[in-house]
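Please read all numbers here as calculations on a predicted model, not as lab measurements. The analysis underlying the following values was restricted to heavy atoms, covering all of them including side chains, and did not include hydrogens, waters or symmetry mates.
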Amino acid sequence: MPASLSTLMEEGRRAVLRPLAQASTLPPGFYTSPEIFEAERERVFRRNWVSVGRASEIPDAGDRFRIDVAGEPLLIVRGKDAQIRALSAVCRHRWMLLGEGAESAGTIACPYHKWTYALDGALMAAPLMDKAEGFERDACALPSFACEVWNGFIFVNLGGDAEPLAQALAPLAAEFAPWKMDELEIAGRVEFDQPYNWKVLADNFMEAYHHFAIHPETFEPNYPAAISRAEETNAPWAALRMPHKDGALSETLFQPLDGIPDGARRGFSVFNVYPSMLLAVLADSVIWYRMEIDSVDRFKLTIYLLVHPQALDVPDAEALKTFLREGAYAVHMEDIAACDGVQRGLMSGSARAGRLSHLEGAIHEHQKWLMAELARP
């Protein structure tokens, strides 16, 4: 019989809430339990800021894209006032989804009965509703959700009461400032449908312990597992530093900006901005893993490849973009083999929480934060 939510929470506390040298991973039920997943949706993803896109994807009034967050269908749209909003993508008439297939338009029209909304969500037209007694158009605006842009990334908070994003991430913004992230261009995307729990990927992303086994040719020769180090951030993010062997400068495809610190050119860093924003920050580019989490064992992954326009001022820039995209695909294909294997192992009746290496401190940081969020009333 599957363990209850309270039992799993107690097992999680015993495994995770201790010093790293004594800690274990979250128990397998945290990756396989529908009850845990529903608790995550309500207590983690609805309460916290979730990254959903780049402001540069919707540069003009009327530009929009669709995304679901914690089961909530959203339409991210730039208004005529240049403001980016997160609107409900559910028509106020009979719940038809809005924005499917549309990338830009001056209004938001429902394909079912042509109820039409302004870009700020106000209802503009409701055909043939003149005989509905007491019908109030003003009461039928699309609900909106808290939305902020940070370093060019669009974030949404469904609960509406999270700490202001800029305040929560101020130290991280200071570290990222030399990269001018709000100016980064999308140099490419790679998409995957992933049949495993979202935390399997988050765990994999935030440790280099697996480099010598999973990436023996792509990462381990230059970024050895043994010299990676996680930071104790005590903040709403985890950080993992991966120095280049012997402290040598990392080779780059593009031209790093003048302000990039020398230390950042002698390796690279990865971050998990909680709950699930995964970033790899290299000297010449930034790689963002965006997860659209559908269920306890499935999510859509979009890998964004971000480069500053000045960094693209190199010969054969288009060919280098293709090389970067192919490299990101190849590396993730290596990781898929590991993540798929972990998901299958999690389903075993003999699976138990596993002890953590000192190289897995960033996983420990994330899981401590996650346990605290799940326990919060």
Side-chain angles (χ1 to χ4, degrees), residues 2-33 35-37 39-40 43-44 47-48 168 171-172 196-215 219-220 223-243 267 269-279 296 335 338-339 341-377:
S4 67
L5 182 60
S6 60
T7 299
L8 284 170
M9 288 293 293
E10 180 56 33
E11 291 177 357
R13 283 188 284 269
R14 289 199 302 267
V16 172
L17 301 184
R18 55 181 65 197
L20 174 60
Q22 303 168 15
S24 298
T25 64
L26 288 169
F30 276 77
Y31 299 81
T32 61
S33 164
E35 289 77 19
I36 286 287
F37 178 71
E40 289 174 343
R43 303 179 192 179
V44 177
R47 289 177 172 177
N48 290 282
L172 207 54
Y196 48 87
N197 184 266
W198 68 275
K199 295 186 294 299
V200 172
L201 178 62
D203 293 350
N204 180 82
F205 193 88
M206 292 306 299
E207 54 94 344
Y209 185 19
H210 68 282
H211 278 191
F212 58 85
I214 302 299
H215 307 298
F219 279 138
E220 178 66 14
Y223 305 99
I227 63 173
S228 65
R229 59 181 179 85
E231 295 184 349
E232 291 189 23
T233 60
N234 297 311
W237 67 85
L240 176 69
R241 311 298 181 178
M242 288 182 269
S269 299
V270 296
F271 302 86
N272 182 356
V273 182
Y274 305 150
S276 61
M277 183 189 196
L278 305 177
L279 289 172
V296 67
D335 283 325
C339 292
V342 166
Q343 185 68 26
R344 291 196 300 272
L346 283 164
M347 303 304 295
S348 165
S350 63
R352 298 290 184 269
R355 289 297 301 274
L356 287 168
S357 163
H358 69 283
L359 299 176
E360 296 172 298
I363 296 175
H364 189 226
E365 291 289 305
H366 181 217
Q367 295 188 350
K368 287 191 297 182
W369 177 88
L370 187 64
M371 285 298 302
E373 291 298 298
L374 290 171
R376 190 158 60 96

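- Inter-residue side-chain proximity for Val270 and Leu279 is flagged as unmet; no heavy-atom pair is nearer than 4.5 Å.
- Enclosure of atom CD in Glu10 by more than 12 non-hydrogen atoms of other residues, nucleotides or ligands within 6.0 angstrom is indicated.
- Using modelled atom types and a 3.5 Å distance limit, the side chains of Tyr31 and Asp203 yield a donor-acceptor pair.
- For the pair Ser228 and Pro243, the tightest heavy-atom approach, listed with the atom from each and the gap, is CA-CD, 4.2 Å.
- Using modelled atom types and a 3.5 Å distance limit, the side chains of Ser33 and Glu35 yield a donor-acceptor pair.
- For the pair Leu370 and Glu40, the minimum side-chain heavy-atom distance is below 4.5 Å.
- Using the six-membered ring where Trp is involved, Tyr223 and Phe219 have ring planes that are perpendicular, over 60° apart on the 30 and 60° scheme.
- The line from CD of Glu373 to CE of Met371 is 11.5 Å long, rounded to the nearest 0.5 Å.
- Between Leu359 and Glu207, every side-chain heavy-atom pair lies at or beyond the 4.5 Å cut-off.
- Distance NZ/Lys199 to CD/Gln343: 9.5 Å, rounded to 0.5 Å.
- Between Ile227 atom CD1 and His211 atom NE2 the span is 10.5 Å, to the nearest 0.5 Å.
- Looking at residues two or more places apart in sequence or on another chain, you find no side-chain hydrogen bond (donor to acceptor under 3.5 Å, both in side chains) involving Tyr209.
- The side-chain heavy atoms of Trp369 and Val44, taken from C-beta on, include a pair separated by under 4.5 Å.
- The two atoms that bring Ala238 and Ala362 nearest to each other are CB-O, 3.8 Å, heavy atoms only.
- Thr32 contributes atom OG1, which lies 5.5 Å from atom CE of Met347 (distance to the nearest 0.5 angstrom).
- The backbone N or O of Ser357 sits less than 3.5 Å from a side-chain atom of Glu360, completing a donor-acceptor pair.
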Go through Leu346 and Val200 one step at a time and tell me if the side chain to side chain contact (heavy atoms under 4.5 Å, CB included) criterion holds.
CA-CA 10 Å; Leu346 283 164; Val200 172; 3.9 Å; yes
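- Proximity of a side-chain donor or acceptor of His358 to a complementary backbone N or O of Arg229 within less than 3.5 Å is not detected.
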Under the side chain to side chain contact (heavy atoms under 4.5 Å, CB included) criterion, do Leu20 and Glu365 qualify, and how do the steps go?
CA-CA 9 Å; Leu20 174 60; Glu365 291 289 305; over 6 Å; no
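- The two residues His364 and Ala23 have their closest heavy-atom pair at NE2-CB, 3.5 Å.
- Scanning all heavy atoms of the two residues, the minimum distance from Ala168 to Pro236 falls at O-CG, 3.8 Å.
- One finds the CZ atom of Arg352 at 12.0 Å from the OG1 atom of Thr25 (value rounded to the nearest 0.5 Å).
- Annotation: the span from Leu356 atom CG to Leu26 atom CG amounts to 9.0 Å, rounded to 0.5 Å.
- Closest approach of Ser276 and Trp198 over heavy atoms only: CB-CZ3, 4.0 Å.
- In plain terms, the two heavy atoms of Pro27 and Ala353 that are nearest each other are CA-CB, 4.1 Å.
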